[in-house]
Structure formats: C-alpha cells, structure tokens
Peer 1: 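Below are the structure tokens for one structure; questions will follow.
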There are 2 protein chains.
Amino acid sequence: MARAGLTAERVTIAGAELADEVGLDQVTMSQVARRLGVKDASLYTHVRGLEDLRGRIALLAADEKTIRIAEATSGRAGKDALVAFADAWREYAHTHPGRYTATQTPIRIDPELAAKAPGPRRAVELTYGMLRGYGLTEPDLTDAVRLLRSTFHGFVALEAAGGFAHERSPRQSWVRALDALHTLLEHWPPAREGDSA
Amino acid sequence: MARAGLTAERVTIAGAELADEVGLDQVTMSQVARRLGVKDASLYTHVRGLEDLRGRIALLAADEKTIRIAEATSGRAGKDALVAFADAWREYAHTHPGRYTATQTPIRIDPELAAKAPGPRRAVELTYGMLRGYGLTEPDLTDAVRLLRSTFHGFVALEAAGGFAHERSPRQSWVRALDALHTLLEHWPPAREGDSA
DNA sequence: AGGTTAAAACTAGAGGTCTTAGGAATGGGG
DNA sequence: CCCCATTCCTAAGACCTCTAGTTTTAACCT
C-alpha cells in the first residue's frame, strides 16, 4: 500500500478543516483518518492521541489568528489599530469557528510543543503595541489588555452560542462596543484607594 | 430490583455534579448512570440522550446563575449593582466550572424545554434593570448590555482557559475592569455619523 | 386483599470510538 | 543491492451511545 505521506502538520490541518466544517467535538480520530484515506491507528505515529490533536489544532488556530491580526494592524495606530485588531479577531472566529473553539479549551497542550509556537508571545506583543498610543502604564496596561481580550472573546463566543437573539444586529453592537472601548482607553480611570488589594 | 426513583431533574443534577467535578466533556451517559447506581439504558426513559442531557445541564446552570445574580443585586443600584452582578457571575463560573461551560454550547436545546426555563428572560430583565441608573436609551441600552455580558463571559472564560498567565492576579484586573466599565457607562459615547449602518 | 396496568429499570446487542500491540510494506542511505 | 527505520496496516480490548424487547415495580381500582 502506497504511503499517504502523513505528518503531524497534515493531520492537524485535516483536523482543523473538519472542526470548521462540522464542529470541534465532531473531530474524531476516525473521521480525520477517513478524510486522509488512512486507518485510525496510523494517526498515532504522528500524533499522541485525540487530546494532543486538539491541542495542536488550538495552537495552529492561535498562530493563524495572530498572523491575521498582525497583518490587519500593521501600519495603524490609535483607534484605527483598535478597530483593525478587533475586526480581524472577530473575522477569524467567524471564518474558522471550529479552530476558534479549539483555542478556548483549557491548556492541556504539550508544553514542549507550545514553546515552539510563536503565536502567544507575538499576540501579547501585538496587543501591547496597539495600546501604546493610549499612554497607559503598568499595571493599567495589563488590566486594559485583559479587558480588551475578554470583551473580544466574550463577544464572539456569545455570538456563536446564539446569545444575541435580539433584533439589533450584532454587527451594530460590535461597532458601538469598539467606540466605547476606545473612549474608555482614552479616559482610563485612575486607581482608587484599596485597588491594590 | 428496587426502583432508583429517577427523574429527568435528578439525572440532570447528577450530570451537573459530574461536570463540575471532572469537566463537561467527561460527562457520559455511562458515568451518570454509574453515579446513580443504574444501568446506562435506564437513563433514556428520562432523557432523550447525551445531547439532551447537555442541554438540560445548560438550562439548569443558566437558571442557577440568574438566581445568584438576582440575590446579589437585590436592593442595589448604580456601581454597587454592577459590581454585585459581575461578582456573582464570576463566582458562579468559579464554583461550577462544568455547569458554566455547558452554558457556552450553541443552542441545541429542545425549544419546548427551553420555553419553560425562567432563566434567560429573567437574566435579561436583571441586566436591563441594573443599567437603569445610567440613563441609557435604546439602542444604546442593548449595546451596553451586550458589551457587559461579553466582558463578563470573556473574562471568566479566558481565566478558566488559563489565558491570564501574567504576574498580576486576575482578581485585580477584574476589579479594575469593573471600575472601567462603570466609568464607561457613565460616559457612554454618543453615536456618530454612519453608526446606524 | 388481589388483579390490572403503566411506567421504571433491566438484559442484550449493534455500531461507533480510542488506543495499544505487533506485523508487513516502503523507500532512502550505505 | 540490501539494510532498517519509519510508515502504515490488521487485530483486539475497553468504553461509549442508543434501540428493542422483557421483567419488575408500585399505584390504582374494585
């Protein structure tokens, strides 16, 4: 029987495609094997198991998303950068729902593998870079980054879960949310007594 | 063999407990049956299947969370109410991680069953009520509600996924995020040209 | 009390999944 | 050309979901 030419990467990509098509929890070893024209057991040469595969999909997605954001924000500053960053984030979640879902799973990723992935560190740099123009300093900077990431992630997650059943289109709320966040970053409230606790 | 006295509700609760203990995706028919001292097949008298059980857990969680929030915000207004609301939300996610995860799944819930659940409607009322003091009007009100829900959900989701690896404690960032959101609600930016698109 | 009956729980089994173990083919390096 | 590490396979065990058909239970009725 001719070799299929599998690699860990090809298996991961097949899994990611499957995730986007039928949902992350429909990604099984068997399905991925079938898609690659191979028996289930053959995958275990390249991937430790289902958990490992899921982790690799998550890492792939994180990298891809970071790249999109980097492209989108390149050369922009201030609110332009904020909107480009956020739109790229949401766009990725929309076009790759399965991959995006994978990024939400608690980190059960092989640490050694994770160390090789450029995504996370780069993502952090991008976010801090985007906020540079607002003149925040630590620890406000970290807090602001966390607030932004929370809002972006929360919005697309709720959107995907069907949480916005209301009349008003999510798109409109999204635009207004970005307006609001921009305003907020420009007028970031000073820490008050007791906030260091 | 003596009857176990199962009901759909008892099965759901067993599933919810299991979810909190070992994670939602470890909740299987077999495990739930084992916990109840019953054979797998017996569960199908009370619950349509695994999907259905998951949906019921999600509904249970939504109701419980809403109740906690209602209790916490009762009698409060303004920033007090905002903080109580948010803290109750986060607290629920922390103490019931499996149940909370269940609420994130896209709605595959039996519509008939969902109609009976008081949670969702009540949750919406609570949120709008909490914002009453800020003097917002539609459609800003809807946008603000969506922003808050996104941020709350996003924060606890990232927290649970290990997304806040930084030095600074999530608790501190949470407190500051609430400060920031309060400020934002007090100075909600007016809609600009083109925002209705 | 005893008999009837609907529901609850069981046994059996088909079909799917994950994973390990060990055997056979393949193709690149000596 | 042949070695042999790697790739892919078959086989098999354990577990899972769900359906069908059967037995047991408890509640109701006279």
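In what follows, chains are A, B, ... by sequence order, proteins preceding strands, each numbered from 1. We use all heavy atoms of the structure for the numbers below, so side chains are in, but hydrogens, waters and symmetry mates are not.
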Peer 1: Counting side-chain heavy atoms from CB outward, which of dA11(D), dA9(C), dC16(D) is closest to H46(B)?
Peer 2: dA9(C)
Peer 1: Rounded to the nearest Å, what distance is computed from the CG atom of residue D40(A) to the C1' atom of nucleotide dA11(D)?
Peer 2: 12 Å
Peer 1: What contact category does Q31(A) fall into here, base, sugar-phosphate, or nothing, at under 4.0 angstrom with non-hydrogen atoms?
Peer 2: sugar-phosphate
Peer 1: What's the separation between atom OG1 in T73(B) and atom CG in L82(B), rounded to the nearest 0.5 Å?
Peer 2: 11.0 Å
Peer 1: Which whole-number value in Å describes the distance from K39(B) NZ to dC16(D) P?
Peer 2: 12 Å
Peer 1: Take T183(A) and W188(B) through the side chain to side chain contact (heavy atoms under 4.5 Å, CB included) test and state the conclusion after the steps.
Peer 2: CA-CA 8 Å; T183(A) 305; W188(B) 190 261; over 6 Å; no
Peer 1: For D52(B) and dC18(D), what is the distance between atoms CG and P respectively, to the nearest whole Å?
Peer 2: 10 Å
Peer 1: Can you identify which nucleotide, out of dT17(D), dA20(D), dC16(D), has its nearest atom closest to the M29(B) side chain?
Peer 2: dT17(D)
Peer 1: Using atom CZ of R54(A) as one end and atom P of dC18(C) as the other, report the distance to the nearest whole Å.
Peer 2: 9 Å
Peer 1: If you take all heavy atoms of E17(A) and R99(A), which pair is closest and at what distance?
Peer 2: N-NH1, 4.0 Å
Peer 1: Using 4.0 Å as the upper bound for N to carboxylate O, is an ion pair formed by E159(B) and R90(B)?
Peer 2: yes
Peer 1: Would you kindly compare Y44(A) and G5(B) by the position of their nearest DNA chain C nucleotide and give the one closer to the 5′ end?
Peer 2: G5(B)
Peer 1: Classify the nucleic acid contact of R34(A) as base, sugar-phosphate or nothing, counting any heavy atom under 4.0 Å across all strands shown.
Peer 2: sugar-phosphate
Peer 1: Where does the angle between the aromatic ring planes of W89(B) and F152(B) fall among parallel (under 30°), tilted (30 to 60°) and perpendicular (over 60°)?
Peer 2: perpendicular
Peer 1: Have a look at S42(A) and say if it touches a base, only the backbone sugar-phosphate, or nothing, with a 4.0 Å heavy-atom cut-off.
Peer 2: base
Peer 1: Among the nucleotides dT19(C), dC10(C), dT17(D), which one has an atom lying closest to any side-chain atom of L50(A)?
Peer 2: dT19(C)
Peer 1: Can you measure Q26(B) atom CD to dT17(C) atom C1' for me and round it to whole angstrom units?
Peer 2: 14 Å
Peer 1: Whole-Å distance between dC9(D) C1' and L43(A) CG?
Peer 2: 12 Å
Peer 1: Using whole Å, what does the distance between atom P of nucleotide dC16(D) and atom CG of D25(A) come to?
Peer 2: 18 Å
Peer 1: Just checking S30(A): base, sugar-phosphate only, or nothing, at a heavy-atom cut-off of under 4.0 Å?
Peer 2: sugar-phosphate
Peer 1: Can you tell which of dC9(D), dA9(C), dC16(D) lies closest to the side chain of L6(B)?
Peer 2: dA9(C)
Peer 1: Select from A41(A) and T45(A) the residue whose nearest nucleotide in DNA chain D is closer to the 5' end of that strand.
Peer 2: T45(A)
